[in-house]
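Reading through the structure tokens given below for one structure.
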Amino acid sequence: MSILATIHRPEDLGELDSESLVQLAQEIRQVLVDSVCATGGHLGPNLGVVELTIALHRVFHSPSTPIVFDTGHQAYVHKLLTGRLPQFPSLRRSGGLSGYPKRHESPHDLVENSHASTALAYADGLSRALASRGAAQPVVAVIGDGAMTGGLAWEGLNNIGASGRRIVVVLNDNERSYAPTVGALPEHLRRLVDRAGYPAVVARLGSGASDGSQPVAPGRDATRGVSLFQAMGLDYLGPVDGHDLDALETALRQARGCDHPVLVHVRTEKGHGYLPAVNDEADHLHSIGVVDARTGAPSSVPSRTWTDVFGDALLAVAERRPDVVAVSAAMVGPTGLRTLAQRHPERCIDVGIAEQQALVSASGMAMGGLHPVVAIYSTFMHRAFDQTLLDAGLHRLPVTLVLDRAGITGPDGPSHHGLWDLSLFAGVPGMRVAAPRDAATLVEELDEAVEQPGLTALRFPKAAAAGALPALDRVAGMDVLRRPPNPDVLLVTVGALAGAAVEAADRLLAEGIRCTVVDPRWALPVNPALPDLAAEHDLVVTVEDGLRSSGVGAHVARAVADTGVDTPVEVLGLPTEYIAHGDRGGILREHGLDPSGIARAVAARLSVPAGLSGIRDRAEPDARVRRPA
Ligand SMILES: Cc1ncc(C[n+]2csc(CCOP(=O)(O)OP(=O)(O)O)c2C)c(N)n1
Ligand SMILES: CC(=O)[C@@H](O)[C@H](O)COP(=O)(O)O
Ligand SMILES: [Mg+2]
């Protein structure tokens with residue numbers, strides 16, 4: 001009989017004996033492997049926190065005691081223990097369970113944002129709110145060693161250490177982000193482990209606590225010296241074996257009894273209990289697609305992605321440009337830098353999950369004569385907007401940002417879609433943003449970027465790289481992809497949606513609507529020749545995998561209007577909304593950014609009655625559509 005099937009809420013854990021708990025952990029691991037291998041997701045991180053999450057929910061009483069998961073990618077076990085086993089097969093699927101905590105799914109879920117290093121600040125805030133109501137319960141924050149390398153985590157720790165409030169920081173130390181965690185912190189954690197004669201719970205009895213449970217150690221561990229955390233005002237408990245349920249519960253109960261901030265240092269293994277993950281040198285199956293559960297190997301041969309194209313293109317640039325270096329924020333592999341790191345380790349700098357550090361250190365590198373290429377997912381680059389604007393940008397430094405996962409990403413949901421980069425970077429004086437439409441233009445635009453004296457960026461999505469889309473001509477730096485005689489419409493396509501735009505134009509041509517299609521290549525700032533091109537058409541339609549309200553299209557409309565050209569501009573893009581997780585293609589289709597949607601939008605704007613394949617024959621040339629003389 002499955003024990004997991006009897007767990008509908010954390011309280012159900014309380015009745016289980018040690019033997020049942022061990023069986024429960026085994027059942028959870030089996031569910032994780034069977035289900036996540038079928039849906040994709042964060043298998044490695046969740047396999048590593050099975051015992052920890054069981055212990056957390058046995059010792060602390062969520063939701064009255066808030067438990068915050070940093071980044072949230074390791075909250076699957078939490079979901080299984082809070083009544084969501086039946087829905088688990090829908091993980092990350094459109095309409096199904098989110099791959100991160102989701103407030104509407106459960107009162108046990110608090111933080112939906114998948115950006116790392118926020119949990120301690122949340123805990124500080126939550127504990128202030130609880131204290132303001134005279135509430136006695138602690139707040140628990142579970143943070144990984146990788147997330148602990150993010151600056152925001154230290155801002156949180158700085159406040160927690162001085163708070164005197166009951167906050168339990170659980171540091172899940174598996175020595176990895178994707179790859180082994182970098183910097184001085186892992187060194188310090190290793191020293192704490194070595195000197196404690198790990199595994200051992202090194203707590204000693206200390207001051208009493210409000211709820212009468214075991215008191216805890218005063219500010220020193222049982223061996224010698226002071227941990228970084230104690231120096232910051234927290235008690236330190238650990239290191240604790242994160243796969244030993246008894247040791248975990250002992251330490252967590254002691255932490256619960258603490259009447260001031262305490263950090264429990266838990267040692268876990270990412271992928272624990274599943275050999276394909278433990279043996280995966282790259283990232284212990286941190287984030288997988290659909291894989292064979294027996295081997296952990298992808299179930300289908302992955303297509304060549306934009307990331308692959310970028311990685312190869314950067315390698316070629318690095319071979320000829322010794323001043324070019326790559327900078328990563330703990331994502332060397334996922335951003336395509338692995339080969340460069342292998343061939344030129346000294347020219348691939350991993351700063352940890354620290355995007356602001358990445359941008360400012362890159363600015364320093366540029367001041368020192370290097371040309372850094374900073375490869376950070378679009379969504380994570382939000383963290384470093386200020387540094388892009390006022391460090392790299394203000395000093396007009398030769399820094400190139402490469403924004404992978406730009407546009408709709410899909411299964412990782414609203415805090416992973418890269419919708420804001422075009423809007424954000426449009427406002428950086430002197431910054432130029434390219435959006436390649438295929439592999440050839442990515443290579444070309446990267447080459448151009450590293451030749452430019454100032455701040456540049458390239459952006460591309462999480463997808464298979466688009467097939468070749470050769471240009472018919474290049475006009476003022478813009479690539480002409482379709483140019484029928486006497487065109488009615490100018491279709492301005494940004495980046496990877498070019499294929500959809502060209503297909504839409506071909507469908508429209510078959511219905512008698514003639515569209516010029518241009519790819520501006522360097523989408524921002526708007527090409528000054530674009531308004532003149534607009535003037536030769538009766539309608540401009542822009543298409544982008546970015547925000548309608550403030551992306552490239554909005555700036556094209558502004559530029560056209562500012563030059564006195566009266567051609568109307570229709571902007572196609574994404575709404576200014578938090579778009580739920582799902583499949584990238586399905587989300588784009590839902591928002592009319594597939595060929596049919598684009599064609600329908602053009603026809604509608606020309607007031608062509610809807611009909612065949614979404615577009616009907618144009619009964620009458622629309623009076624509004626002024627044909628050039
Ligand atoms: C600001 C930010 N940058 C990058 C990421 C991508 N990311 C997701 S999980 C992860 C590694 C997290 O490592 P750790 O906190 O140690 O958790 P573990 O997976 O080891 O449990 C990274 C870099 C992110 N979520 N947020
Ligand atoms: C949790 C997190 O932020 C990343 O691991 C994220 O899942 C990246 O996803 P992909 O690399 O699969 O796009
Ligand atoms: Mg880790």
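Note that the structure is predicted; figures quoted are calculated from it, not measured. Counting starts at 1 for both ligands and their atoms, in listed order.
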Nearest to [atom], what protein heavy atom do you find, and at what distance?
atom	answer
atom 7 (O) of ligand 2	H42 NE2, 2.8 Å
atom 9 (O) of ligand 2	D412 OD2, 3.4 Å
atom 11 (O) of ligand 2	Y377 OH, 2.6 Å
atom 22 (C) of ligand 1	Y178 CE1, 3.6 Å
atom 13 (O) of ligand 1	S177 CA, 3.4 Å
atom 26 (N) of ligand 1	A116 N, 2.9 Å
atom 25 (N) of ligand 1	S114 O, 2.8 Å
atom 12 (O) of ligand 2	K462 NZ, 3.1 Å
atom 15 (O) of ligand 1	A147 N, 2.8 Å
atom 6 (C) of ligand 2	H416 NE2, 3.1 Å
atom 13 (O) of ligand 2	R405 NE, 2.8 Å

I'd like to check which ligand 1 atoms, numbered from 1 as shown, lie under 4.0 Å from a non-hydrogen atom of [X].
X	value
G144	14 (P), 15 (O), 16 (O)
D145	16 (O)
P45	19 (O)
H286	9 (S), 10 (C), 11 (C), 19 (O)
R383	1 (C)
K270	18 (P), 19 (O), 20 (O)

Between [options], which one has a non-hydrogen atom sitting closest to [atom]?
atom	options	value
atom 4 (C) of ligand 2	Y100, Y178, F380	Y178
atom 14 (P) of ligand 1	G151, A384, G146	G146
atom 3 (N) of ligand 1	H382, H115, E355, M331	E355

Exercise. Going by the side-chain hydrogen bond (donor to acceptor under 3.5 Å, both in side chains) test, name the single residue among D145, D173, D241, N172 that passes it with T268.
Key: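 Between T268 and the candidates, side-chain hydrogen bond (donor to acceptor under 3.5 Å, both in side chains) is satisfied uniquely by N172.
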Would you say that [X] contacts [Y] through its side chain, given a criterion of any heavy-atom pair below 4.5 Å between the two side chains?
X	Y	value
L458	F310	no
L337	L314	yes
Q387	V399	no
P261	F229	no
H591	I408	no
N174	V49	no
M431	T388	yes
E175	R190	yes

Practice problem: For H73, counting its heavy atoms only, list the atoms of ligand 2 lying under 4.0 Å from any of them. | Solution: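 It comes down to these atoms of ligand 2: 1 (C).
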Taking both backbone and side-chain atoms of [X], is any N or O found less than 3.5 Å from an N or O belonging to ligand 1?
X	result
I353	no
T71	no
N174	yes
H416	no

Self-check item: Near-ring test H73/H286, centroid separation under 6.0 angstrom
Solution: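 Yes, close enough.
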Exercise. Measure up the H243 and H272 rings against each other and bin them: parallel (under 30°), tilted (30 to 60°), perpendicular (over 60°).
Key: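 Because their plane-to-plane angle is under 30°, the rings of H243 and H272 count as parallel.
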Quiz item: For the Mg ion (ligand 3), what is the closest N, O or S atom on D145?
Solution: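 This turns out to be OD1.
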Practice problem: Indicate yes or no: does D109 engage R103 in a salt bridge with an N to O separation below 4.0 Å. | Solution: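 R103 and D109: not salt-bridged.
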Exercise. Would you mind checking if R29 and E51 are paired as a salt bridge, meaning a charged N to carboxylate O distance below 4.0 Å?
Key: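 Here E51 pairs with R29 in a salt bridge, since their nearest N and O are under 4.0 Å apart.
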Practice problem: Go through the steps to decide whether Y100 and D412 satisfy the test side chain to side chain donor-acceptor pair (under 3.5 Å), and finish with yes or no. | Solution: CA-CA 8 Å; Y100 303 89; D412 284 292; 2.5 Å; yes
Self-check item: Polar contact flag, side-chain donor to acceptor under 3.5 angstrom, T335-D404
Solution: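 There is no such pair between these side chains.
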Quiz item: So, H108 and S62: side-chain donor and acceptor under 3.5 Å apart, yes or no?
Solution: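 The answer is yes; a qualifying pair exists.
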Practice problem: Using non-hydrogen atoms of the residue, decide whether H286 is closer than 4.0 angstrom to ligand 2. | Solution: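 So H286 counts as touching ligand 2.
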Quiz prompt | Side chain, backbone, both or neither: the part of N172 lying under 4.0 Å from ligand 1 by heavy atom | solution =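 The answer is the side chain of N172.
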Quiz item: Considering only heavy atoms, does M148 approach ligand 1 within less than 4.0 Å through its side chain, its backbone, both, or neither?
Solution: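 Within the 4.0 Å criterion, M148 makes no contact with ligand 1.
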Exercise. Return yes if some donor-acceptor pair links the side-chain N/O of S287 with the main-chain N/O of H42 below 3.5 Å, else return no.
Key: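 A pair under 3.5 Å: no.
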Quiz prompt | Contact with ligand 1 for Q74, non-hydrogen, under 4.0 angstrom | solution =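 Not so, Q74 does not reach ligand 1.
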Practice problem: Could you go through the ring-ring contact (aromatic ring centres under 6.0 Å, His included) check for F380 and H416 one step at a time? | Solution: CA-CA 8 Å; F380 302 138; H416 260 79; 5.1 Å; yes
Quiz item: How many degrees, to 10°, between N174 OD1 and R176 O as seen from the Mg ion (ligand 3)?
Solution: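 If I round to 10°, I get 90°.
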